[in-house]
Amino acid sequence: MKQGGHQQDMEIIIKTLSEIPAYWDGKRAVLELKEHDHQWKQMEWIGFYFEYLCQKRLMSADFEIPGEKYGKVEFDSFRSINWDMKASAIKSHSHKIILNDTRAIDESIGKHGAHGLILALLDVDYNDVDRNFQKWHTALKGGQSQYEKDRIARKAISRYRKTSASLVQILLLVLNDSNREYLDIHKQGRNSDGSPRNPKYMLDIERADCFDARGMDF
């Protein structure tokens with residue numbers, strides 16, 4: 001275990017991530033992810049781009065990338081505790097962010113006494129009414145995925161893609177036994193074989209003050 005505890009982790013994270021670019025162009029972000037073979041085919045690129053930006057910086061700051069693994073869940077990074085990275089649109093109708101598997105987070109807290117979250121709050125642009133960004137991304141991937149083909153077969157409406165994002169704030173939260181009660185539970189349904197999926201924790205941003213929190217504005 002690295003020395004210093006999660007408070008030192010937070011200081012290092014703030015210093016290391018303070019120069020992350022504040023404006024993200026969707027096409028440039030996807031191409032950068034593709035160049036580094038990091039989840040570039042995913043429709044929800046903002047979360048994976050934030051993860052990529054964080055990981056490449058924290059790796060040079062004595063963080064282990066990725067973090068520890070609990071069952072099938074592998075956390076994004078580790079120093080004195082495990083840290084997960086999430087991105088969320090601040091103008092969403094919901095102020096809630098789905099986190100990771102409850103069992104894995106519980107085990108992480110049990111082992112280290114705490115579990116960390118690195119959250120990007122973003123002002124997101126959905127300016128893809130003509131679907132040009134969606135068409136560009138589909139062509140880059142080599143054509144429609146099976147998921148997209150199934151959606152078309154169901155005649156379900158495709159969501160508009162995020163074309164750019166501006167970083168408003170990075171929020172660091174530390175979960176532990178005394179504040180875990182302020183998290184909600186997100187039920188996940190079942191796997192393809194009919195077995196139930198483990199539930200995930202869900203954070204209401206309006207409750208951020210209930211946790212050990214630090215933030216930096218952009």
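All values derive from a computational prediction rather than experimental measurement. Scope of the values below: all heavy atoms of this structure, side chains included, with no hydrogens, waters or symmetry mates.
A donor-acceptor pair shorter than 3.5 Å cannot be found between the side chains of Asp76 and Trp83. Remark: the Asp130 side chain and the Asn132 side chain contain an N/O donor-acceptor pair separated by less than 3.5 Å. Between the side chains of Tyr49 and Gln39, no donor-acceptor pair of N or O atoms lies under 3.5 Å. Judged by distance alone, the side chains of His38 and Glu32 never bring a donor and an acceptor atom under 3.5 Å apart. No side-chain N or O of Asp128 forms a donor-acceptor pair with one of Thr163 less than 3.5 Å apart. Side-chain atoms of Asp106 and Tyr201 include a donor-acceptor pair closer than 3.5 Å.
Without hydrogens or angle criteria, Arg28 side chain to Trp24 main chain gives no donor-acceptor distance under 3.5 Å. No donor-acceptor distance shorter than 3.5 angstrom exists from the side chain of Asp37 to the backbone of Lys34, with no hydrogens or angles considered. The main-chain N or O of Gln134 is found under 3.5 Å from a side-chain atom of Thr138 such that the two form a donor-acceptor pair. Listed for the Asp9 side chain is a donor-acceptor partner under 3.5 Å among the backbone atoms of Ser80. One N or O on the side chain of Asn176 and one on the backbone of Asn179 form a donor-acceptor pair closer than 3.5 Å.
The neighbour count for Glu181 CD, taken as heavy atoms of other residues, nucleotides or ligands under 6.0 Å away, is above 12. The environment of OH in Tyr23 is crowded: more than 12 heavy-atom neighbours from other residues, nucleotides or ligands sit within 6.0 Å.
Considering CD1 of Ile97 and CG of Leu171, their distance stands at 8.0 Å, rounded to 0.5 Å. Taken to the nearest 0.5 Å, the NE2 atom of His137 stands 14.5 Å off from the CZ atom of Arg131. To the nearest 0.5 Å, atom CG of residue Asp84 and atom CG of residue Leu119 are 9.5 Å apart. Atom NZ of Lys111 and atom CD1 of Ile81 lie 13.0 Å apart (nearest 0.5 Å). Note that OG of Ser164 is 10.0 Å distant from CG of Leu122, once rounded to the nearest 0.5 Å.
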For this session: Starting from the C-alpha separation in whole Å, work towards a yes-or-no answer on salt bridge (charged side-chain N to carboxylate O under 4.0 Å, His left out) for Lys96 and Asp184.
Result: CA-CA 9 Å; Lys96 296 186 176 182; Asp184 297 319; 3.3 Å; yes

Problem set entry | side chain to side chain contact (heavy atoms under 4.5 Å, CB included) between Glu44 and Lys162, worked out | CA-CA 8 Å; Glu44 292 295 337; Lys162 300 174 178 69; 2.6 Å; yes

For this session: Check step by step if side chain to side chain contact (heavy atoms under 4.5 Å, CB included) holds for Ile12 and Arg79.
Result: CA-CA 10 Å; Ile12 295 172; Arg79 190 176 181 277; 3.4 Å; yes

For this session: Quick one: do Lys141 and Trp40 satisfy side chain to side chain contact (heavy atoms under 4.5 Å, CB included)? Show the steps, please.
Result: CA-CA 9 Å; Lys141 293 185 289 185; Trp40 62 275; 3.9 Å; yes

For this session: Evaluate the criterion side chain to side chain contact (heavy atoms under 4.5 Å, CB included) for residue pair Phe63 and Thr16; output intermediate values, then yes/no.
Result: CA-CA 11 Å; Phe63 278 70; Thr16 305; 6.0 Å; no

Problem set entry | Chi angles and distances behind the ring pair (Phe, Tyr, Trp, His ring centres under 6.0 Å) call for Phe48, Trp45 | CA-CA 5 Å; Phe48 294 107; Trp45 59 269; over 10 Å; no

For this session: Report the C-alpha distance between Arg214 and Glu11 in whole Å, list the side-chain angles of each, state the deciding distance to 0.1 Å, and finish with yes or no for salt bridge (charged side-chain N to carboxylate O under 4.0 Å, His left out).
Result: CA-CA 9 Å; Arg214 296 279 300 274; Glu11 295 291 340; 3.0 Å; yes

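At a threshold of 4.5 Å between non-hydrogen side-chain atoms, the residues Glu51 and Gln55 count as touching. Using a 4.5 Å heavy-atom threshold, the side chains of Ile109 and Asp177 count as touching. Under the 4.5 Å side-chain criterion, counting only non-hydrogen atoms from C-beta, Leu58 is in contact with Ile118. Contact of the Leu172 side chain with the Leu117 side chain is not registered, since no non-hydrogen atoms from C-beta on lie closer than 4.5 Å. Side-chain contact between Leu17 and Arg57 is present, with heavy atoms from C-beta onward closer than 4.5 Å. Looking at Leu175 and Arg180, their side chains never come closer than 4.5 Å, going by heavy atoms from C-beta outward. Side-chain contact between Phe218 and Gln169 is absent, with no heavy-atom pair separated by less than 4.5 Å. For the pair Leu140 and Leu31, the minimum side-chain heavy-atom distance is below 4.5 Å.
A salt bridge is absent between Lys200 and Asp101: the closest approach of a Lys/Arg side-chain nitrogen to an acidic carboxylate oxygen does not fall below 4.0 angstrom.
By the side-chain contact (heavy atoms from CB on, under 4.5 Å) test, Asp212 is found to be paired with His6, Gln7, Met10, Val174, residues two or more places apart in sequence or in another chain being considered. Tyr70 is linked by a ring pair (Phe, Tyr, Trp, His ring centres under 6.0 Å) to Phe75, counting only residues two or more places apart in sequence or in another chain.
Closest approach of Met216 and Ile13 over heavy atoms only: CE-O, 4.1 Å. Annotation for Glu74 and Gly67: closest pair CG-O, 3.9 Å, computed over non-hydrogen atoms.
By the 4.5 Å side-chain criterion applied to Ile, Leu, Val, Met, Phe, Trp and Tyr, Met202 is assigned to a cluster that also includes Ile98.
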